[in-house]
Amino acid sequence: SQQGEEDPQALSIQEGENATMNCSYKTSINNLQWYRQNSGRGLVHLILIRSNEREKHSGRLRVTLDTSKKSSSLLITASRAADTASYFCATRGRGATNKLIFGTGTLLAVQP
Amino acid sequence: GAGVSQSPSNKVTEKGKDVELRCDPISGHTALYWYRQSLGQGLEFLIYFQGNSAPDKSGLPSDRFSAERTGGSVSTLTIQRTQQEDSAVYLCASSVDRGAAQETQYFGPGTRLLVL
């Protein structure tokens, strides 16, 4: 399977705490993206980091990428109950295809 | 439209029947993708249409699965002789696909398929 892996599989934190999720992948990539999914339905794009970038910020989100270890992390700071969702990383390989390979996801529960 | 739409939202069918799932991409988006998500799992790539090019069918799990994209817009995913293991949420996404490697895919709400 080409699918990446994420850990932890599930994470429960209190509102206001930070949440960190990790993603590992298997092949060389062009970019890595993080998506959020509520209630098992459509995904929403959060942030994209290119293979030549090491860190990127967007609001309360911070993403890091280590291509030597084929891994990425997503940090959500000052979490809110509304951040409760599943979070997936997805990688776009090198070459002409725009196909994304998704990780297995982390289920985040933020307790109010 | 404002976003990617899919129909039906839910579909219950009997084993052995054929089903058709529809996706309307965002207007102007030339790339369209189908993914499958089984319960509690990540997304599995199925097929990718890019403009007038031949589709990338490398993710289709068996020859019971096929997809068409008519007129470069609406797409239909067909599953023939459905099996219980086909039960999943089928997600469609589209992107502008100007050839840039940094494009975001916009997802529809999905069709939840249950095969009894």
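Quick note on labels: first sequence line is chain A, next is B, and so on, each numbered from 1. All values below come from the heavy atoms of this structure, side chains included, with hydrogens, waters and symmetry mates left out.
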Going by heavy atoms in the side chains, are A/L100 and B/Y35 under 4.5 Å from each other? yes
Is it the case that more than 12 heavy atoms not belonging to B/N52 sit under 6.0 Å from its CG atom? no
Can you confirm if the aromatic rings of B/F107 and A/Y35 lie within a centre distance of less than 6.0 Å? yes
Sub-4.5 Å side-chain heavy-atom contact between B/Q105 and A/Q33: no
Give a yes or no on whether A/Q9 atom CD has more than 12 heavy-atom contacts from other residues, nucleotides or ligands under 6.0 Å away. no
Counting heavy atoms not belonging to A/E17, are there more than 12 under 6.0 Å from its CD? yes
Which atoms of B/S53 are under 4.5 Å from chain A, going by heavy atoms: the side chain, the backbone, both sets, or neither? neither
Would you say B/Y90 has more than 12 foreign heavy atoms packed within less than 6.0 Å of its OH? yes
Connected to B/L114, directly or through other members, by ILVMFWY side-chain contacts below 4.5 Å are B/V12, B/L116
Is A/Q37 close to B/V89 at the side-chain level, that is, under 4.5 Å between some pair of heavy atoms? no
I need the B/L43 CG to A/I101 CD1 distance, nearest 0.5 Å. 10.5 Å
